[in-house]
Structures are given as structure tokens and as C-alpha cells.
There are 6 protein chains.
Amino acid sequence: MHLTYLLPAPMHVTALGETEMRRRATLLGEWSPEGTTVTVSAVDRGPSSVESAYEEYLAIPAMGSALRRAEDGGTDATILGCFGDPGLDGLREIARKPVVGPAASAMALAATLGHRFSIVTVAEGVRPLLRRIAWETGLLDALDEVRSVDLSVLAINTDKEAAFASLRDECAKLIADTDTDTLVLGCMSMGFLGAAERLTTELGVPVVNPIRAALHQAHALHGMGLSHSTRAYRTPPALADGAGGVDALLRVAEGPKEVTA
Amino acid sequence: MHLTYLLPAPMHVTALGETEMRRRATLLGEWSPEGTTVTVSAVDRGPSSVESAYEEYLAIPAMGSALRRAEDGGTDATILGCFGDPGLDGLREIARKPVVGPAASAMALAATLGHRFSIVTVAEGVRPLLRRIAWETGLLDALDEVRSVDLSVLAINTDKEAAFASLRDECAKLIADTDTDTLVLGCMSMGFLGAAERLTTELGVPVVNPIRAALHQAHALHGMGLSHSTRAYRTPPALADGAGGVDALLRVAEGPKEVTA
Amino acid sequence: MHLTYLLPAPMHVTALGETEMRRRATLLGEWSPEGTTVTVSAVDRGPSSVESAYEEYLAIPAMGSALRRAEDGGTDATILGCFGDPGLDGLREIARKPVVGPAASAMALAATLGHRFSIVTVAEGVRPLLRRIAWETGLLDALDEVRSVDLSVLAINTDKEAAFASLRDECAKLIADTDTDTLVLGCMSMGFLGAAERLTTELGVPVVNPIRAALHQAHALHGMGLSHSTRAYRTPPALADGAGGVDALLRVAEGPKEVTA
Amino acid sequence: MHLTYLLPAPMHVTALGETEMRRRATLLGEWSPEGTTVTVSAVDRGPSSVESAYEEYLAIPAMGSALRRAEDGGTDATILGCFGDPGLDGLREIARKPVVGPAASAMALAATLGHRFSIVTVAEGVRPLLRRIAWETGLLDALDEVRSVDLSVLAINTDKEAAFASLRDECAKLIADTDTDTLVLGCMSMGFLGAAERLTTELGVPVVNPIRAALHQAHALHGMGLSHSTRAYRTPPALADGAGGVDALLRVAEGPKEVTA
Amino acid sequence: MHLTYLLPAPMHVTALGETEMRRRATLLGEWSPEGTTVTVSAVDRGPSSVESAYEEYLAIPAMGSALRRAEDGGTDATILGCFGDPGLDGLREIARKPVVGPAASAMALAATLGHRFSIVTVAEGVRPLLRRIAWETGLLDALDEVRSVDLSVLAINTDKEAAFASLRDECAKLIADTDTDTLVLGCMSMGFLGAAERLTTELGVPVVNPIRAALHQAHALHGMGLSHSTRAYRTPPALADGAGGVDALLRVAEGPKEVTA
Amino acid sequence: MHLTYLLPAPMHVTALGETEMRRRATLLGEWSPEGTTVTVSAVDRGPSSVESAYEEYLAIPAMGSALRRAEDGGTDATILGCFGDPGLDGLREIARKPVVGPAASAMALAATLGHRFSIVTVAEGVRPLLRRIAWETGLLDALDEVRSVDLSVLAINTDKEAAFASLRDECAKLIADTDTDTLVLGCMSMGFLGAAERLTTELGVPVVNPIRAALHQAHALHGMGLSHSTRAYRTPPALADGAGGVDALLRVAEGPKEVTA
């Protein structure tokens, strides 16, 4: 099986660079069954960081183009490389292979492990988005709280232990305060640093790593011959009818126009 | 008061063109209190039509830039010119003045007029989006059905009477089938053609014109000195901290990058 | 446009008297577009104060008669002058013009400004009623909390600054405790004293003045040619058939009767 | 035990008259355990019929006075004699003994007998009220449908068999159309004519007679030494403080007053 | 009327023994109308205590056999003698007379007494079960909290005053923390010790004794000629068709079997 | 990895026998990654068929004993071999390794593939149970309908094509009637006959095979080092404290006992 992990931003031109992309590809491969090829794909334009809804929206158009290129290149499934599942519904409309959202996958798995799960993420501004994903997945009833510790991607990567400690403290507090019995780690960067597995051990409740939840779902769908429903995510009529690819959906003028009455 | 009506696509380079933009600006002015200046603004790039979630996402980045330009130019409030309220949450995060979504405004008004409202729209593919907006506005309990008649923008503008008749028939059927007591017209093009007002008369139930609902909300907020909550729609940290404008949130590389392990 | 603001009690025979009625009429006019005539109407019988459901019920029969008189006198819309929206459904059944409830209008507006709103009111006993109005408007999902500070109408009018300070403190506490991003002021008396506008400034979140929310809705409905749905609020058959007015619905005997078996 | 069944209208001056009041008192006694005294009490003013929310509201003030008189006369519990439970929350605020609503009692019993119950009533206009009672009782999840057959009180009492047949046909249709497994009879007049018991036999599903459900609840509460919660239904401060009775809550002026600005 | 109170475990071979069974039968008789015969029935096999879902499941098969024996012996209704309503749906499928669950009955009664009720029980492990019963009864909207004080059956019966004090303290805390207005006692042992009645007096809110709520419901159903819906709880086809009794549904092999591929 | 598939009944003494057990074990192995050992385990006592809640309850005690034996024998995870997930919560309380329910797993997967899923099962009597599982998993919002075609296990195994045709027709009807976009096959027997895969092809919507959904979840949990939450499914105190195994939770008397007052 050939899997693509699609980053919402041009990581190759950031400090993390290709090295981190390669490290992630390797990890994804190790977490997969034998015979899996994993490509980590970075778009040519996207937000520097994803700490708000607006930055998620900035990522989507280039992800659409990259998704189609990955499918043209033979990928069997695409995992969105951002916990906000940016544009999941829209990207599924234009895809011909399964597209998997880590947040939706992780929440669905968490829901089967207990009565009430909570999410701990690293940006205050995305908390409403995560509640919306829970609703879209039909899981809002099972979602207890969405909490955040404010950690920039920079902070996560420069002092990993301090970042982990902040996260663990917030998780422990959440468990003490509520009936939450299962956690979802709401951050891909922390996921690639092994935070979910450590938290599971240290806290005594299951903490779902969204990367691996998405990975297992991609393998499950591929194995079962299933994909998302085309009845739920309909091909845009302009794409269904037209000869061109997805980029033809975008109309570009020479400039904007204002008319005042 | 200075209002901007922000189109999600470059209408000025379509068959409707500046003429339609001017006609809409004039109508918006007539529907406003004395002393309102209305600008209809078209982005430089966006989807040719909006019949899917993906096409909504395509519209948002250019709308973000146009919104900031409009605010820099002195607008007091911006109305999104698309019934799907594309990017409403994200655009509010970067705005400094009220941003109004016609779908959210129309549903909120409809909810106060009866017990159960329904939406009739013109693209099958956006029905899930409209349910999501109802949920986001907190109004899902009041939403009865979302139905669509398949009408392309072309069809609406070439044979207006046939388009209206299709719409009216679907609305009448909906009323006969259900307890729906109030309707929301789910299409801006039909709204600018007077469809809501005609349906109200012909069907005997209130049919909310989303354009006018949004317009009244914009005036109400301006009059009351209110805007959307910055606690709900937080400024992206990268925008709050940085000196640059909203376009600086987007990072552009020379090309995409793929790494395979 | 001619608007009637219908008080649930005979304010003209209280300490506030006609002076306060005139002050309110003037304010309502100032908050309205040019060309609006505002009548403040007080019923001949009603509760001395409204701090419970029972007192709300006491107000309704005389409000029904007054509503019909106002409509006979040419009013274009009626706003209920009590945040509990007393008898809104029943009064709409007998009305021929729009009837607007301040609580429903304010909640609907608040819902469009963020993700979760709360109400702060001045009588513990009406908190369940306010939750019921949220449910009836279809907005319960968006309602976070209903809190009260115990302030009698007398207290509000004798020491306005102390009353405002109590209110502000409770609002600040609520914001500190919860994710509420938008507030609704749950008191007409405080609304006429400018409390919502001051709270908006001092707290940094939008605080909706229910009077102005209702006023804007009345103007919006009038402008759009809409009213509440007669399919939702059906005319009582006895009123539809009979020749008489609404007072004929009430049957009066010489006295009550008890039969014991 | 001494029970009062409180009619919302002056039945003694209608065609049904004291004869029907006596018949009902007798039936209520027969359905009660030994040692129960039942008084049927009719107010001095109320709606001729109850086919709308407005007519329910007209009933409440006189019911409040009658309730207090009944309690002063030694009643141990009061059952509201109308399926709309008019003013249940308000009347409980002023009561010192249990006040029981037949709709709430019947729905609560029905909910324990299956998964989904429906209500069949006799006035289209009260359907929204009955949904509201289900919500207020916390039972909306268990309520399937509220249907009505249009039967005036006159029709019910002049051709009882035709009325019963209409009702049975609607119930049978409802069962054929839905998964409803339990029914609630939504009409006190039909309840006193034995309709629920006949429907139970003829349809093969339990059909709850709201009169008997309320009666059993009144006896249960009396036997268990319980009443409704004074924390839920708080005594109006003006009643708690004042020396006077409930009628003192109503302030009466010589006439209404209008002030126009 | 002949009532059976069906214990989920063989109490007769425990320290409580037949003495406690007799005491309970006597109390149930005292709480019933004249002319009621009460049998307390203990199964031959069941869990030593019920502090988990697994232990509830252990109880059900023997309860099924005992239920059928009780019905063959002429009982008119059966009350499950455990607050978790073990197997209520399944037992109703095989019953021919009403089967009443104390938790469902108590919650339904509590829901009619206020806006929000809470349950206080004595085993942490059954809290999720009680929420599920609230959902199954359609009452989840009305349920505020489920709290527990950890009290073993042994502790309850050896130091009754200490057990009561723990319970009262938790209830008082719950009332101080929340808007809960009505309580349900979530323990049959405490119910037979008069805890609900004492708590009602000491706390000033109604505290429902589940035993008496179930008892009143059993009498109400018997009086009204009603039972649970056979449309909701369908007879197992194998029981409907076969000549044998309920024990014939169970197939017993000489031993288990494992096959490994 | 060593997996146990735990049948709720003694299949080895039925017509299907060890042959079918071996066929299932082989299929489960083929659907698993390399290196998986699968044991199909049949209990020594359980219901002949599972077409009701009561029959599900009959299965659980022997499943508890078999589960512990399987764990003692080295299994890494157990899948319940019945779509009703009999006793899932209780069995998890006593387990030390993951226990997976096919219904919960299949619904969680289906929820991620679209907006609304439906279940098609083969016994009318289990429809309420399946709705309850959806609720317990937190997924009720995503569940559209639960439909059944009445097919006995005998019918399924004697005329497989006729059984499949009935199922396909009901699924096709469901899709035509509703907005359901994803299906869950509600029957393990049909799942082992390849029905889900055929339906996916013939209907054009994803149809989830619950066996494979459960299998993938078991592998995912094992791979991720996760299990269900012990905070959600607490070990029974009597098991935590005692030295004995799970069978010691059951107390057995020489016979039942009845005491009548």
C-alpha cells in the first residue's frame, strides 16, 4: 500500500525541513504493516503555523492540488497532516481515494474506549474547530472537554521536555476535575514525539495518538476496500462535468473589483 | 454607514459582470436606512460557482485579503456574499469590524418567527454545509429540513421564471410534507431576484431573504456598537504579534516537496 | 413606522409613572431609524413586579387586550416590554401584526456573534423561564449559563451605580469561570439605563441590549414585509370563527363552583 | 386524602354543567383508593374552549385564586383539569401542596413503558404546547410525534362514537407509520369517556389516560410525603414577603395608559 | 393485587437472610393500598453484591426464571429489587405481566417534580449504568449529575447512621454546587432504611425513594389495566413459537470449545 | 498477536458446528496482518439464537468465564462474536486485555466515512439494542435509521442468495428513502458470508463489515499499546479485592426462596 501524509504547509522551507519530513515518513512506515510505502508531502504554500481557523483555510487550496497530484502518482490513501482536519469534507469531494482526518479518526477510536473523552491541544484558538469536528463526526455527545496548553511549534521543538511536562500537567488536571476516561492528543507535532504513548503510561488512561489512529484507519479502509461516501461528499458538478483537473475550478482575474452605489 | 458586500468570486469577469454588481449595490442601498454607502467587492480569484464545500474553501484566502482591504478603506461592516458563509469564523478572526454571514443571520431571524424552519437551496452538494452552519449558530434544534432544487447559476439567470417555479414547487411540497412553519431562501442570486418576497406572498409562510437578514444585522450591530466576540474568534497569534498584514500569514515556497521513506 | 412597546404592568400608577414611560418612548425613538413613531403602552392590570412565572402569567390577559387595541389603533409591530417574553406564543396567535419578544430577539442576535452566550438577569426565579425561551427559539445548544444577581426593580432605580456594579461583577465572574463569549442582558430596566453598552466596553465581550435587539428585529420584519408564522401560531378557532374580539374568548361566571363526590 | 380537580373554565355555566362536574368527581373517586374525597372545582372566569396557547393563558389567573382557595379549604393536592397543564410552573410557585399536571404525569408514565411514545390530541393549535411540556419534563427524547384530530368539545360530547372512531383511526395510522410503541391520550374530555382504555384494548399498545396518570401521581406524592421542588418553583418574593394572599400580586389601575414620543 | 419484589441475588443465604426479606415484604405491604399481597423473591444464583455492570449481568438469567415462576404463581406485577434495573428490557420481553424498574420509575417521578434531578448512589462503578437508564427512559435531558458515596452493603447495614451521614453530606454538597432541585436515592438498601424520607426533611428538596416510586407505578399500572409495550419489548421468536418455557432458550453443551486457525 | 473471537453460544453443538468455527477462524486470519493467531471460542452455554435482549443477557455469564480463560491462555485481545456487543461494558470490567465490540467498532468507522449512517440487521427485536449501542458509543447523532429484514440464522445459512437479496433490497430502499450515506451491516453471519463487500459494490455506498471493523480495531489497539479505559470500566471491588477468579463473583444457593407478607 502507498500512503501519503499531506502537510498543510511548506515544511521543507522551515527550520524543521526535509529532515523532519524524512523522520516522520520513517515513523509512519514503522507504525504500518509490512509492505507500506509512505510519502510525506509538503504543499508549496500554506500557513506558517496553524493556530486559528483562518490559517486552516489558508492551507486548503494548495492541499487540494497536492492531493490530486498524490493520487495521480499512485497513492492509495491520504492522511491530512494537521489535527484540525483542514478541509476534510472539501478534499473528499475531489478525491478518488480515501482521505483520512486524524482528528476524526482519533475521536472515533477514543469514543469506543470509554464513556467520555477529552482533547488536549496546543492552541487556544482551535478549540472551537475541534468541537466542530466532533460534531461533524457525530461524536459531540462523547466529547467532554477541549483544553489547550499554549505551546508554539517552536516551543515544542526546542524544549521538548518542558512542552511534554506542560501537556502532562494539563491532562492530569483534566482527569482530576472531570469524569473524562479517555484522552485524545490534539497535536501532530507532539504525536511524532511520542507524547501519547508516554501519557498513556504516566496517566493510566488511554491517550490516543491521532497520527496512529489515522494510519490504522487508512490501512483498515484499504484492507476492507472502503472509502468515504460519495453520497456524503459529492463531486463538484463543475469537476464532474469538466475535462480539466481541480485547478480549473479556480477562476483568476487580473485583479479585484469594487463597485459602490 | 459604509457597508461592503464581499463576493466570493470574480464576478466582474463573468457574464454577469459589473452590471450585476452595480444592480446589487443599488438594491442593498435601497434596502438600507438613509445614509448608507454600499460597496460590492469582487475578489481577484475564486470558484466559478459554489456548489460544494471545496469551492467554498477556494474562495476564502482571497476573501481574507479583500476583507482587510475593505476595512483599510473604511468599511464599517462586511457581509459575505455567499449563502454558505464561507470562512465566517476565520474571517472574523482577522477582521476589526463586524463580519456578517447571510446564512447565520437568516437562520437566526427565521428561528424567532416560528417553531421549525427549513432551508431551500439550489445545490445538492451544499446541504451538509448548511446543516453545519445551523449547528455552529446553535440553531440545529430549530432546523427542520434542508432541501435543494438543482439550479445552476446560469439556469437561474437565463430563465428566471422557470427557476422560480421550481423553487416554489419544492417549497410548497416541503410545507405539505412537514410541520415547517418558516422558510429560509438558501441562495443569494435568487434573493437578489426577489424570490423570497414572492414566495412569502404565494405560500403564506414567512420566507426569509438572507441578503436582507444579513443587511439588517449589519445595521443593527453598527447601531448598537457591537461586533462578533473576539473571545470566540481569536486573532491568530502570528497576526497579533507580527507587524505585517494578513497576507504575511501565508508562507510560499518555490514548489511543493515529497519525501518517501 | 408605528411601534408599540407594551408594558406588562400598569407602570403609570407606580413610582416610575408616566415620566419613565415617556423617557422610554424617547429612547426607543432615538434608537430607531428616522420616521418611527413609538408608543409606550401600559396595561390596566398586571403584576407589581415580574420575578416569577406566576407573575408573568398574571400579565398576559391584559396584554392581549392591549395588543389588539394597539393594532386597532394602527401600530405596525408590538414589542413585549418584559424580558420574559410573557405569552409570546399566545399573543402571536391573536395578533395581526408582528409581535416581538426581547429575550428571543436578543438570544438570536447573541447566537450569531460567537459560539456560546450566557444571560445575566436580576431575578433568581425567572432563570428556568429564560432557559425555556432559549429552547423555544431553538437556541438551547448555544446557551451556556443563566445567572442572576438579585436586584429588585426598586433597587435598580434607587441606586443605579450599585446595581450596575453588582451586575458587572457577576458578568466578569461568569467570563472568568466559563467559555462564554457573548452576553445577553436579561433585564429591560437595566437596558433602559444603558447597562449593556457600558458592560460591552468594560468587559470586552459583546453584551446584547434586549430592547435594541427587539427594536431592530421589529424594524427588520417591517422592512422585509415579514411577520411571525401563522402556521406556528394559529389563530384560535373561536376567534377565527366568531364575530367578536379577543375579549369574547373569556367566559365569565358569577362565581366559581365546587362539586364534591 | 382530599383531592381537587381544577377546571380551567366555568364548566358550571356551560351545557355540560354541574352534572358533568359531578360525574367527573364520581369517576375520580372510583379510580382512587378508599378514603379519597374528590372535589371538582370550576373557576369563575376562563376560556370557553382551550384550543390555543392564548386560551391557556386566559385560564391561569383565576386558577391561581381557586388553587389557593382549595388549599385554604384543606385540599391535599390539586390536579389541573386540562391536558395543556396551564400555568403548571407558576401555580406551583404559589402552592403549598402538590400541584399535578396531567400531561407531564402521563408522559412520564408513558416513557417508562417503552422506547418512544406519541401523543394524540384534539386541537391542532396545542401541538407546540405539548412538545414544550415534554421538553419541560425532560422527556423530549422519548417523544415521537404529536398528532391531532380536529374535534371540538361539542363534537366530542354530541357524537361520542364518531369522535372515538376518528381518534382510533389516527392512532392506528400513527402506529402503522412509526416506531411509536406507547400512546398518550391528549384530551381530558375523551379521558373521562373511557377512550384510553378502549384504545388500549383495540390497538394492542398501552394508551395512557392522563387523568388517571395524574391521579396516581397525586396519590403517590401524598403517600410518599413529597411535593414538587420549591427550589425549582420558587415562591415569588412579593408573596414570600407580603402579608396578603396571591391576589395581592395583581396591581389594578383604573385604566390602561399610552404615551407616544 | 399480588406483587413480587424480585431480588437479584440469593439474600436468603447471606447475613441479612430471610429476616430482612420478611422485613422488606412487610414494609412494601405497609406502603401499598389495602388488599395487596407482597412476595419477596430471592433467586438461587446471583452476584454477592452489585457494584458493577458485570455483576448486574450475572443476576439476569436467574431473575428470568424466577420472574416466570412468579407469574405462573399468580403475581400481577414484578418489581426488580435492584436500583440498576438489571435486564429490565430483556425481562419485559419474556414477561406476561408488568415488570417495573425502580430506577426508571424513580427518575420519571423525579422529572415531574422540578427541572433537573440528580442521583446519589453508593457504588462508583454503576454511575455509567444509571446514566444509561436515564437515557433509555428518555430522561437524560433532565438528569443533572450522578454522584456516589462509596458504601458497601456491609457498611450500610452495620453502621447505618454513619452511612446515612455520608449520604446526606454528599447530597448537601451536590445541592450547594449545582442547580439540581430534586434528588433520587440510588440504593434500595438505603431506601428500605428510610433514608429518602429523612433526606427530604433534612435537605428541603424532594428525595425520591425508588422502592416506593416503583411500588406506586406497579399499583398504577395494575389499576389502569396497562403494562409495558409489547411493541417495544418483543417476545423472542424462539419463545413465541416454541412450546417450552423460558429456560428452553438456553442451550447447554457439555463444555466450551476452542478452534484455532 | 493472538486474537480470540468469542461466540455467545455453543456453536460447536449446532448444525454449523466446528466446521463453521474453523471457517471463521481462517477468514479472520486472512483479514489480519501476518503473524496473527486467531482462536474462535464457543461458550458452554448460551442462547440458541440472539433475536432479543433477553437472549443477549443469557449469553453474558458464560462469556465472562470464557473471556478470562482466553486471557489466561495468552490472548492479546478478544472480539465479541455477536453484533449486539453483549455485555461489552461488563466484560471490559473483568478483562485485563482489550475487549472489542463489533457494533461499536463498525459504527465508529462508519461515522468517519460520511454524515449519517444506518444499520441494517436481521432481527426486529434487536433494533432498540443497536440504538442503545450507538448512544453508548456517543454516536447517536450520526445514526440515521436501524432497519431489519427478518432472517433467521437458519434462513441465512440455507438459502444464502435469497437472504442476501432481501438484505440488498432493504438497503436499496433505505438509501432511496433517506439521506443515509453509509451503511453498517448488522449481522455477523452475513458478514462471514461476504455480504458487506458485495453490498458496497452493488449499492455504491460504503457498507461496513462489522467483523473486519472489530478486527482492525483490535489490531490498532494492540499496535498502539492501548486498551479500553479502566476509568470507564472499573474492576468490580469484589474482584479487585478477592483472591479468586471471576466465577467467585457468583453466589449460588441450593434453591430460590420466596417470603410473602
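Heavy atoms only: backbone and side chains are in, while hydrogens, waters and symmetry mates are out. None of these values were measured; they are calculated from a predicted model. Protein chains get the first letters and strands the later ones, always in sequence-line order, with residue 1 at the start of each.
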Hey, does the side chain of C/E51 reach the backbone of D/P237 with a donor-acceptor pair shorter than 3.5 angstrom?
->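 No, C/E51 side chain to D/P237 backbone: no donor-acceptor pair under 3.5 Å.
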Closest-packed option against chain D by number of heavy-atom pairs under 4.5 Å, given [options]:
| options | value |
| --- | --- |
| C/H2, C/M21, C/K257 | C/K257 |
| C/A59, C/G46, C/A248, C/S49 | C/G46 |
| C/A42, C/G29, C/A25, C/S48 | C/A42 |
| C/W135, C/Y57, C/Y5 | C/W135 |
| C/T36, C/V50, C/L249, C/V246 | C/L249 |
| C/V259, C/T14, C/L58, C/L91 | C/V259 |

Write down the atom of [X], the atom of [Y], and the distance for their closest heavy-atom approach.
| X | Y | result |
| --- | --- | --- |
| C/E93 | D/S52 | OE1-CB, 3.2 Å |
| D/R251 | C/V13 | NH2-O, 2.8 Å |
| C/R22 | D/T260 | NH1-O, 4.4 Å |

If you tally heavy-atom pairs under 4.5 Å against chain C, which of D/R132, D/E254, D/R234 wins?
->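 If we count pairs closer than 4.5 Å to chain C, D/R132 comes out on top.
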Chain C interface, residue from D/D44, D/T26, D/D150 that has the most non-hydrogen pairs under 4.5 Å = D/D44
Could you tell me which portion of [X] (side chain, backbone, both or neither) has an atom closer than 4.5 angstrom to a non-hydrogen atom of chain C?
| X | value |
| --- | --- |
| D/I94 | side chain |
| D/L129 | side chain |
| D/V43 | backbone |

Tell me, side chain or backbone of [X] under 4.5 Å from chain D's heavy atoms, or both, or neither?
| X | value |
| --- | --- |
| C/A232 | backbone |
| C/L140 | side chain |
| C/E56 | neither |
| C/P61 | both |
| C/L6 | neither |
| C/P10 | side chain |

Can you name the residues of residues 62-79 of chain D that have some heavy atom under 4.5 Å away from a heavy atom in chain C?
-> D/G64, D/S65, D/R69
